Visitor: 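Submitted below is the structure of interest, expressed as structure tokens.
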Amino acid sequence: MDTLFGHTRSVLRPHYALITPAGQVSAPLPNWPGAICTLVISPALGARFSQIHVTLGPDATGAGHLSDKELLVFVRQGAIDAVIETRQTRLETGGYAYIPPGATYRLSLGQGVESADLLVFQRAYIPLAGHNPPAPILGHEQDVAGAPFMGDEAALLKNLLPDILAFDLAVNIFTFQPGATLPIVETHVMEHGLLMLQGQGIYRLGDDWHPVQAGDVIWMAPFCPQWFVATGKTPARYIYYKDVNREP
Ligand code: UGY
Ligand code: MN
């Protein structure tokens, strides 16, 4: 919590939003009965996707049948049991599930843990002629190799989803050593939803510079100039969504 009443680090601008944990407000969502849900990014903001933070307790589930939507669920803390179509697995912290359009799913708290915190990216899937929608994916970020970003060993990028045209979204995890930066001020058509997982840094968004830390959320609209430097003495990590592989 901010200790100064009336003060917040959260900022809302036409081309970006910084949403800090202290100001977030939860509200029930029909597909997550019993869960604590916070929509931190949604089309109400101008985004073409939603980012939902979900806490599952013993009596909560996330369940449904996706018609035209797709979900990427990442376990931030705790563990869950995931059933997607005929596939069933336990996802520990760092595990993730891609649930494609047309799939039936059920997510519940894993045995032996008191709660699980989930990061969910949700959007309408855009079909591509000549390509079937992707199949479900169940994985763990530890099994994904990081690659130096634009040749920089101090900025490692993991792509959680395959780089194939059937996917209209990418979800990646960046790890920056202290002092490492994005090599350029990116200005691109793709939009982002981002969650700081660890550490701290300075995010340039448009013409503004914001100190950010673990738990902070950023929405970047298409073409929002963006740049990051990791500060502090430990690595900074963030996970982010981007739209990919479709004609304008
Ligand atoms: O994939 C990206 O566009 C990424 N480099 N952007 C970001 O980290 N803000
Ligand atoms: Mn970017």
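Atoms within each ligand, like the ligands themselves, are counted from 1 in listed order. Quantities reported herein were computed from a predicted structural model and do not represent experimental measurements. Computation of the quantities below employed the complete heavy-atom set of this structure, encompassing side-chain atoms and omitting hydrogens, waters and symmetry-equivalent molecules.
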Visitor: Mind checking side-chain contact (heavy atoms from CB on, under 4.5 Å) for Val144 and listing every partner two or more places apart, or none if nothing turns up?
Guide: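 Counting only residues at least two positions away or on another chain, Val144 forms a side-chain contact (heavy atoms from CB on, under 4.5 Å) with Tyr96, Lys158, Leu160.
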
Visitor: So do the side chains of Tyr241 and Phe49 get within less than 4.5 Å of each other, counting heavy atoms only?
Guide: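 Tyr241 vs Phe49: side chains touch.
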
Visitor: Does atom CD of Gln142 have more than 12 heavy-atom neighbours, drawn from other residues, nucleotides or ligands, at distances under 6.0 Å?
Guide: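 No, not enclosed.
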
Visitor: Does a sphere of radius 6.0 Å around CG in Leu157 hold more than 12 heavy atoms from other residues, nucleotides or ligands, not counting ones at 6.0 Å or beyond?
Guide: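 Result for CG/Leu157: enclosed.
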
Visitor: What is the NE2(His188)-the Mn ion (ligand 2)-NE2(His192) angle, to the nearest 10 degrees?
Guide: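 The two atoms form an angle at the metal of about 100°.
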
Visitor: Angle at the Mn ion (ligand 2), OE1 of Gln226 to OE1 of Glu186, rounded to 10 degrees, please.
Guide: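 Gln226 OE1 and Glu186 OE1 form an angle of 100° at the Mn ion (ligand 2).
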
Visitor: So that I can tick it off, tell me whether Glu191 and Lys242 are bridged by a salt bridge, with the cut-off set at under 4.0 angstrom between side-chain N and carboxylate O.
Guide: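 Answer for the salt bridge query: no.
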
Visitor: What are the polar N/O contacts of ligand 1 with the protein below 3.5 Å, with distances?
Guide:
residue, atom, partner, partner atom, Å
ligand 1, 1 (O), Tyr240, OH, 2.7
ligand 1, 1 (O), Lys242, NZ, 2.7
ligand 1, 3 (O), Glu186, OE1, 3.0
ligand 1, 3 (O), His188, NE2, 3.1
ligand 1, 3 (O), His192, NE2, 3.1
ligand 1, 3 (O), Lys242, NZ, 3.3
ligand 1, 5 (N), Glu186, OE1, 3.3
ligand 1, 5 (N), Glu186, OE2, 2.6
ligand 1, 6 (N), Glu186, OE1, 2.8
ligand 1, 6 (N), His192, NE2, 3.2
ligand 1, 6 (N), Gln226, OE1, 3.4
ligand 1, 8 (O), Tyr238, OH, 2.6
ligand 1, 9 (N), Tyr203, OH, 2.9
ligand 1, 9 (N), Gln226, OE1, 2.8

Visitor: Under a 3.5 Å threshold, yes or no: a donor from one side chain and an acceptor from the other, between Asp117 and Thr55?
Guide: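 Per modelled atom types, Asp117 and Thr55 side chains form a pair under 3.5 Å.
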
Visitor: Does NE2 belonging to His140 count more than 12 external heavy atoms closer than 6.0 Å?
Guide: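 Atom NE2 in His140 is packed in, count exceeds 12.
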
